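Read the structure below first, then the notes.
What you see is a predicted model, and the numbers here were worked out from it, not measured in a lab. The analysis underlying the following values was restricted to heavy atoms, covering all of them including side chains, and did not include hydrogens, waters or symmetry mates. Naming convention: chains lettered A, B, ... in sequence-line order (proteins, then strands); numbering from 1 in each chain.
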Amino acid sequence: MNDTVTIQTRKLMTNQLLQRKQIVIDVLHPGKATVPKTEIRKKLARYTRPHQMSSVFGFRTHSGGGKTPGFGMTYDFLDHAKKNVPNHRLARHGLYEKKKTSRKQRKERKNRMKKVRGTAKASVGGDKRPKE
Amino acid sequence: MLGSDLPNAVTLLKNLQEQVLAVTAQVQALTKKVQAGAYPTEKGLSFLEVKDQLLLMYLMDLSHLILDKASGGSLKGHAAVLRLVEIRTVLEKLRPLDQKLKYQIDKLVKTAVTGSLSENDPLRFKPHPRNMMSKLSSEDEEDDEAEDGQSEALGKKSVKGVSKKYVPPRLVPVHYDETEAEREKKRLERAKRRALSSSVIRELKEQYSDAPEEIRDARHPHVTRQSQEDQHRINYEESMMVRLSVSKREKGRRKRANAMSSQLHSLTHFSDISALTGGTAHLDEDQNPIKKT
């Protein structure tokens, strides 16, 4: 069957300050649902070298379907990518793990730290009281 | 040679002799100084050094030519002529550069002569855009200041630089006393203006005017406005590589503009011209009710 998902790129710009190349990607998918980002990355990988990392985001399908423009950025080195890509996008590639402490636990810990002065703040750990 | 020219020639030759003696004396003094090393040029502008050397070579070639001509030789095909022409062209090409460097050289010479520049010297290094601003615009705020103190104060401002804190301009507050009647009048005026540009009135105008009939693909002004804004938003998003959020109001406007762009809409929907006819304002069912402030 014919692979009808096509990618067109526009406005390629080399951003030296953020050490990346940024493009506007137009995904054409007539008769199909919106293409997931992982597939778009795979198609983009055909145009980039294997050691480069690309991250795509911002895909909004036009009403009526068939066309989805979005943005893509390719980094030459992983270190540059880790520095310049926001954490939630790094998490999509598995390069960043969000800490799992819940908001309530963090606030309670902060309030316990308020009761103690100086270096003892660091040793304030989890609450020893049993759950009521 | 004519006999009448002979006394002239004799006087000219005598002048020439005197001048030559003076010039040789000066040149000898200069050469002595240069050989003694009184004019070191290593730390100077290389541009000026190049000009110096070129002028010297020009003089040498010129004197060679004069010598040859004075001893009766012909100048045709003389090698010195070509060299002279070459040096002359280079000097001509250097002249605009000279013009551009004139300011810098004047400044340096002045520093060297006077030692240091005074505070209010106009020949300081950085350009002062504040000095280029029209000083007439600040007349209203400074008419209580003394005339002689004014230029001094402005001069001080320009020298201190841009490190002053930003002070927002103090505008005179105006009392708000718009009555109900005035508000009503303004609303009526706006409604009249809107009614004058409605399709009914425009067609009436076309009927009675003598101007030729224009057939244009004119879209509803709201539609063109919305499409312009959409284009602007798309351009911004693609150049900044971000997605902007769309507020509810914006979504509503977009939906209404899309509905208006259908051609059948203008068949049944007419804008309200009660402001001109004097009747009560009526609205179609799908439009928002008039808000009474």
Side-chain angles (χ1 to χ4, degrees), chain A residues 7-28 34-37 40-41 44 47-48 52-76 80-93, chain B residues 126-127 129 161-163 166 199 216-269 271 283-289:
Chain A
I7 288 201
Q8 292 173 347
T9 59
R10 282 186 288 142
K11 293 198 181 172
L12 170 71
M13 184 174 102
T14 313
N15 193 335
Q16 294 278 15
L17 298 167
L18 298 170
Q19 300 137 342
R20 68 187 183 203
K21 285 200 165 70
Q22 39 195 56
I23 45 166
V24 176
I25 305 172
D26 272 345
V27 186
L28 303 169
T34 307
V35 183
K37 287 190 278 281
I40 298 177
R41 270 192 80 208
L44 203 62
Y47 303 108
T48 61
Q52 287 175 342
M53 199 199 92
S54 63
S55 99
V56 294
F57 62 98
F59 286 96
R60 296 276 173 89
T61 311
H62 283 173
S63 69
K67 185 164 171 194
T68 312
F71 310 120
M73 298 179 176
T74 51
Y75 295 85
D76 258 353
H80 296 331
K82 282 206 183 134
K83 260 198 238 175
N84 294 325
V85 175
N87 287 334
H88 67 275
R89 264 183 240 154
L90 283 175
R92 289 179 196 169
H93 304 320
Chain B
K126 222 168 63 160
V162 207
S163 57
Y166 171 71
S199 60
R216 258 187 294 180
D217 175 39
R219 303 162 81 187
H220 192 96
H222 289 187
V223 175
T224 45
R225 185 89 192 276
Q226 187 58 42
S227 60
Q228 258 177 14
E229 283 187 17
D230 277 343
Q231 197 56 44
H232 181 68
R233 169 184 292 268
I234 290 176
N235 285 340
Y236 181 86
E237 282 188 348
E238 290 192 346
S239 52
M240 297 286 140
M241 297 256 163
V242 287
R243 287 288 184 203
L244 298 168
S245 60
V246 193
S247 67
K248 266 201 203 149
R249 191 163 293 199
E250 190 63 39
K251 270 195 231 163
R253 268 193 231 146
R254 212 179 276 183
K255 215 168 33 156
R256 257 177 280 134
N258 279 337
M260 273 196 226
S261 60
S262 61
Q263 301 295 351
L264 295 175
H265 181 273
S266 53
L267 277 178
T268 49
H269 290 79
S271 30
L283 278 174
D284 292 324
E285 313 84 46
D286 55 350
Q287 279 178 329
N288 290 335

The reported gap from CE in B/M241 to CD1 in A/I23 (rounded to nearest 0.5 angstrom) is 7.5 Å

Most contact-rich option vs chain B, by heavy-atom pairs under 4.5 angstrom, among A/R60, A/R10, A/M13, is A/R60

A/V24 and B/E238 have their tightest heavy-atom pair at CG1-OE2, 3.8 Å

So, do A/F71 and B/R243 sit near enough that their side-chain heavy atoms are less than 4.5 Å apart?
yes

B/H232, NE2 atom: more than 12 neighbouring heavy atoms under 6.0 Å
no

Please indicate whether B/R233 has more than 12 foreign heavy atoms, meaning atoms of other residues, nucleotides or ligands, lying under 6.0 Å from its CZ.
yes

What part of B/I234 lies closer than 4.5 angstrom to a heavy atom of chain A: side chain, backbone, both or neither?
neither

Taking side chain as everything from C-beta outward and backbone as N, CA, C, O, which of these in A/I25 sits under 4.5 Å from a heavy atom of chain B? Side chain, backbone, both or neither.
neither

Can you tell me if A/K83 has over 12 outside heavy atoms packed within less than 6.0 Å of its NZ?
no

